[in-house]
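Chain A is the first sequence line, chain B the second, and so forth, proteins listed ahead of strands; every chain is numbered from 1.
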Amino acid sequence: MAFWARAFHTARRVAPVLLIALAMAACGGTSAEFPQSTLHPKSDLTSTIDGVFMTTVWWALLVFVLVEGALLYVIFRYRGRPDDREPSQVHGNTLLEIVWTAIPALILAMIAVPTVRAIFDTYEVPAGDALEVEVIGHQWWWEFRYPQYGVTTANELHVPVGRTVTMKMTTVDVLHSFWLPQLAAKRDVFPNRITTIWFRADSAGYYSGQCAEFCGLQHARMAFHVAAGTPEEFDAFITGLRRTGTPVPADTTAPSSPSSAMAGITTTTLAAQAQADTAAARDSAPAAAQAPAGSGAELFRTRGCAACHTLDATSKAKMVGPNLANIGSRRYIAAGTLLNTDENLARWIQDPQSIKPGVIMQSMGLTLEQARSVAAYLRTHK
Amino acid sequence: MATSAVSHAGHASAIHVEKSGIWSWITTVDHKRIGILYGASAFLFFLIGGIEALLLRIQLGSPENTFLSAEAYNQLFTMHGTTMIFLGVMPLSAMFFNYFIPLLLGARDVAFPRLNAFSFWVFLFGGLFLNVSFLFNAAPNAGWFGYANLTSKQYSPGLNVDFWVIGLQILGVSSLAAAVNFFTTVVNMRAKGMKLMRMPMFVWMSFITQILLLLAFPVITVALILLMFDRLFGTMFFTASLGGDPLLWQHLFWIFGHPEVYILILPAFGIVSEILPVFARKPLFGYAAMVFSGAFIAFLGFGVWSHHMFATGMGPIADTVFSLATMLIAVPTGVKIFNWIGTVAGGSLQFRTPLYFSLGFIAMFIIGGLSGVMHASPPADLQQTDTYFVVAHFHYVLFGGSIFALTAGAYYWWPKMFGRMLSEKLGKVHFWLMFVGFNLTFFPMHFVGLHGMPRRVYTYPAGLGFETMNQIETAGSMVLAIAFLVFIYNIIQTARKPADAPADPWNGATLEWSIPSPPQEFNFAEEPVVHSRDPLWETKRERGGKLPEPARVSGAGIHLPNPSYWPILAALGVGSVFVSIMLVHTLGPIAIAAAVLFFFFCVFKWAFEPAG
């Protein structure tokens, strides 16, 4: 009996400590344990947000302890006993009621002031040499364009550390929300307007984000990654993408400037498809002559891949599928669904519907061998 | 006699015999029976919504799980939200409105008894209609918020969204009809002497809820009609490429959607404000402040809708205004919490099950309120919106808040409704299982959300650190399931016991405890006169303690409305009108014409039904 009483007593004393420790562990963690956490800001924008958030956390914790404490106190202090007489019939207390109206109002002011300051901060785009990125949401992947450099990529964005990045965002289909917890927080994208958000990464890293607005069947599989590196690394990345451009003269039917591409973004998928077909035919024309029959390159051209994908990062065509100019070096495929291993890439090419049901990409009736050749061909595009 | 809050025992020789059998329930216009019908069907829908939640939790129990397909998950999370809000919490509140507003007011029925029956049947048909979609594998799958343009015919070609649009419109008819009814009842049917500022707090909060319903439901109805026209008749209200605007949907939806939150929680405030004084044996602390804070919350509730849309980038001015207005709501809400604590302080707490659930409600609602203030800050919300942090927040408000309070109300008023006391022992087991299960399920969601897990995802990859917390949540949801099994077991065990509950088992303060349990069809043999806020306590004090058990009396001479089958037929008419619109491209416009004619025929017969 005594043992149990003592055990119970110890448990009662230890339990809250354990709970708090558990909560702290869950709350803190490291960015290695929680690579998509909002609690490890790595940019000026997310640090501002984190500052406001932590202010609210401390005030909320204080209020939590005081009010739950008061509640627990009155529960234990005023538990009834069998011989209790009727308690005194108090109806209220004006002074007390004024005090407990005023104090919360004051605490809210302590949260409101930094909030309003942060609201205006986060909307103000800083002057200077900002890197512009156009973000275009698709069901269910992300297109990234660099209008200043005339290149396009998908699902893996590269940015330089220390330079402000201004994101101009829209969508070709339904609403999405661009959420990059450690660098850019969150902004919804709409088909009829351009929303913006900016950030300046303060440390190099490989960051993960994903769509946060429910956008249909595969909303869960609409992730993306951001590689933040040194300015030199970024320049090398851009140079690599520019090299993927084909040497043939530019087609005059394709939109010439990125801004007009943005403006026309509301074209329906069908129109984009038609345009993509012509663009693909143009892109692969010179390659086709050289590709031996049955090779990955030949399959890519003849089995429909090129109808939706281009391997040319400088192409201005609006393609249905992601630009694959540097697919060989991306860490993930299918918008964060799979690691970009040779085997995964081949599986995905052979039967995307079994991996991400409902995705626009269809099985093109390739054998596993053929899919592997296409994967090997794509692997050379870095 | 100065006070006659208590109905006097007449001659018990000719006890009024109430009709029974299915037909009597189908044609009933008695607010108490309609209340039980609401409660029973809402509880069944609530269990369906709970099973949906369990399936979602099993799927999320491990990363890359394949227990549910993406399509199944999307249907289930959409139906879980829609069910819990429109078929669970709202009609469970409606059960208490129906059964107890007339009793607390000292009235014989609601203002429009047949309209009341009509509201119930429309609700039931709407709820069944929504769930029938599962049989066609076409349950709504675009979220309970149905954001445009995912809901357009282009991106959701199936019947799924049609079921949702039509189902919600049917339910809207029910809510509006009921709101008109209860608003009128409170304004016109109060007992003699029951001034507005003597009304029980549950009636006050319910009254404010009806005003919210009357003002908020027309907005969602308009939005749903626009969407219905977009989908069925090719209009372009929400189609961006043709001049419409999907953002318009969000504004319309949340102008309804935020007041809806208060529609779900104000009745809970009312229930807890009834229970705490009875079990603390002292009056509600700060009655007037409770009334005005409730009204203030409801008023502010119409001016904060855009806080659901901070991530859309509305600009710094709009963000600031909606943020400050939202934070302001914390003030009257805080007043309520302090007043409840003030009610407990200085009391002599009687630890019965209704008190457990009421205190649990306060403790959990504080957490929900605090996380609410956190994302009232737009910069912080840019991280939190559409994550599990928000899922945690509103479950602390709607489960820790509404469901705890509604459960408290069930234990409190069960003896009055069914003449039997629920088991206290099982009630406390129920409470502790629910309290622990609830916190295990929802508290880790705060952290998993802050660590980057978005809402409405059917799966998540390993390696983002979500695994452990999701496992705890899934385990917690199983504990919650057991808690509700204990509740159901309690209900079944109680139903087997003899109906021997006294009229006033808790030493109640309000009029419903002055009449037998369960009340007779006419409620009060003699219409009560009220002189204070706690009329029954006053009577007992004047008469020096406990009152004798009120006898069942003959209701001869008391006029009661006749049963009628026109309400259920008219409700069927409403349902067929909407279904014929949904199937217009299959059945043709003639079906709509036939359905409308049938509806008007029922209304005509209803209007000219002989008084009997």
Side-chain angles (χ1 to χ4, degrees), chain A residues 26-27 33-39 49 52-53 56 60 63-64 67-68 70-71 74-75 78-80 84 86-87 89-92 97 100-101 104-105 108 112 115-116 118-120 122-123 174-175 177 181 185-188 190-192 195 210 212-220 266 357, chain B residues 70-71 74 143 147 149-150 155 240-241 245-247 281-283 285-286 289 311-313 316 319-320 323-324 327 330-331 334-335 337-338 341 344-351 359 362-363 366 370 373-374 377-380 382-383 385-386 447 450-452 454 456-459 464-465 469:
Chain A
C27 203
E33 287 170 277
F34 302 106
Q36 199 163 291
S37 179
T38 66
L39 302 176
I49 289 174
V52 176
F53 172 66
T56 64
V63 173
F64 173 82
V67 181
E68 298 280 8
L71 179 65
V74 296
I75 289 173
Y78 296 105
R79 57 187 191 278
D84 269 358
E86 184 177 66
Q89 302 291 296
V90 181
H91 287 270
E97 288 176 56
W100 68 43
T101 309
L108 286 167
T115 288
V116 174
I119 290 174
F120 281 85
T122 50
Y123 272 106
V174 300
L175 310 196
S177 189
K186 192 181 290 123
R187 186 66 86 207
D188 296 348
F190 297 88
N192 54 338
T195 48
Q210 70 185 97
E213 188 69 86
F214 182 67
C215 57
L217 191 62
Q218 289 295 342
H219 164 60
T266 48
Chain B
E71 177 60 29
N74 293 344
Y147 269 16
N149 54 347
L150 182 60
Y155 295 109
S241 58
D245 189 353
L247 197 54
R281 299 176 63 196
K282 63 191 271 284
F285 196 91
T312 64
D319 275 12
T320 302
S323 168
L324 296 185
M327 288 184 187
V331 176
V335 165
I337 288 168
F338 295 132
I341 295 176
V344 172
S348 164
L349 292 178
Q350 311 296 304
F351 279 96
L359 295 172
I362 301 175
I366 291 169
L370 288 171
V373 171
M374 287 183 180
S377 174
L382 279 191
Q383 293 282 26
T385 189
D386 283 322
F447 298 117
L450 290 173
H451 281 319
R456 302 160 186 150
V457 287
Y458 71 89
T459 191
L464 291 178
M469 285 178 275

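The candidate with the highest count of non-hydrogen atom pairs below 4.5 Å against chain B, out of A118(A), P357(A), P35(A), is P35(A). Ranked by heavy-atom pairs under 4.5 Å with chain B, the first of R79(A), H219(A), E68(A) is E68(A). For chain B, the option among P104(A), A70(A), A112(A) with the highest count of heavy-atom pairs below 4.5 Å is A112(A). For chain B, the option among V67(A), T122(A), V116(A) with the highest count of heavy-atom pairs below 4.5 Å is V67(A). Between chain B and the options L71(A), T101(A), T195(A), the largest number of non-hydrogen pairs under 4.5 Å is found for L71(A). The greatest number of non-hydrogen atom pairs below 4.5 Å with chain A, out of P246(B), G313(B), G143(B), A289(B), is found for G313(B). By number of non-hydrogen pairs under 4.5 angstrom with chain A, the leading residue of L247(B), V373(B), I362(B), T459(B) is L247(B). For the set G465(B), A345(B), P378(B), A330(B), the count of heavy-atom pairs under 4.5 angstrom toward chain A peaks at A345(B).
Side-chain N or O atoms of T38(A) include none that pairs as donor or acceptor with a backbone N or O of Q383(B) at under 3.5 Å. Within the 3.5 Å criterion, the main-chain N or O of V90(A) finds no donor-acceptor partner in the side chain of K282(B).
The heavy-atom pair separating Q350(B) from G80(A) by the smallest distance is NE2-CA, 4.4 Å. Considering every non-hydrogen atom in both P454(B) and Q36(A), the closest pair reads CD-NE2, 4.4 Å. Heavy atoms only, all atoms of each residue included: W100(A) and V335(B) are closest at NE1-O, 4.2 Å. Taking every heavy atom of both residues into account, Y78(A) and V344(B) meet most closely at CB-O, 3.8 Å. Annotation for A240(B) and P191(A): closest pair CB-CG, 3.7 Å, computed over non-hydrogen atoms. L382(B) and K186(A) get closest at one heavy-atom pair: O-CB, 2.8 Å.
Summarising the geometry, atom CZ belonging to F120(A) is positioned 9.0 Å from atom CG belonging to D319(B); distances are rounded to the nearest 0.5 Å. Separating the OG atom in S377(B) from the CZ atom in F53(A) is a distance of 10.0 Å, to the nearest 0.5 Å. Interatomic distance, CZ of R456(B) versus CD of E213(A), reported as 6.5 Å (0.5 Å rounding). Rounding to the nearest 0.5 Å gives a distance of 4.0 Å between CD1 of I75(A) and CG of L359(B). Residue N192(A) holds its CG atom at 4.5 Å from CG of D245(B), rounded to the nearest 0.5 Å. N149(B) CG to L175(A) CG: the interatomic distance, rounded to the nearest 0.5 Å, is 5.0 Å.
Both the backbone and the side chain of T312(B) come within contact range of chain A, each with at least one heavy atom under 4.5 Å from a heavy atom of that chain. Within the 4.5 angstrom heavy-atom criterion, atoms from both the backbone and the side chain of E86(A) approach chain B. Within the 4.5 angstrom heavy-atom criterion, only side-chain atoms of Y147(B), from C-beta onward, approach chain A. Looking at F214(A), the atoms closer than 4.5 Å to chain B (heavy atoms on both sides) sit in the backbone and in the side chain alike. The parts of Q89(A) that come within reach of chain B are both its backbone and its side chain, each placing non-hydrogen atoms under 4.5 angstrom from that chain. Interface residue F285(B): backbone and side-chain heavy atoms are both found under 4.5 Å from chain A. When heavy atoms are compared at a cutoff of 4.5 Å, Y123(A) approaches chain B solely by way of its side chain, counted from C-beta outward. At a 4.5 Å heavy-atom cutoff, the contact between V52(A) and chain B is made by side-chain atoms alone.
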Q. Should Y458(B) and Q218(A) be marked as a side-chain contact (heavy atoms from CB on, under 4.5 Å) after you check the CA-CA gap, both sets of side-chain angles, and the distance that decides it?
A. CA-CA 8 Å; Y458(B) 71 89; Q218(A) 289 295 342; 2.7 Å; yes
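Between F34(A) and H451(B), the two ring planes are parallel [angle under 30°; tilted spans 30° to 60°].
Inter-residue side-chain proximity for L324(B) and L108(A) is flagged as unmet; no heavy-atom pair is nearer than 4.5 Å.
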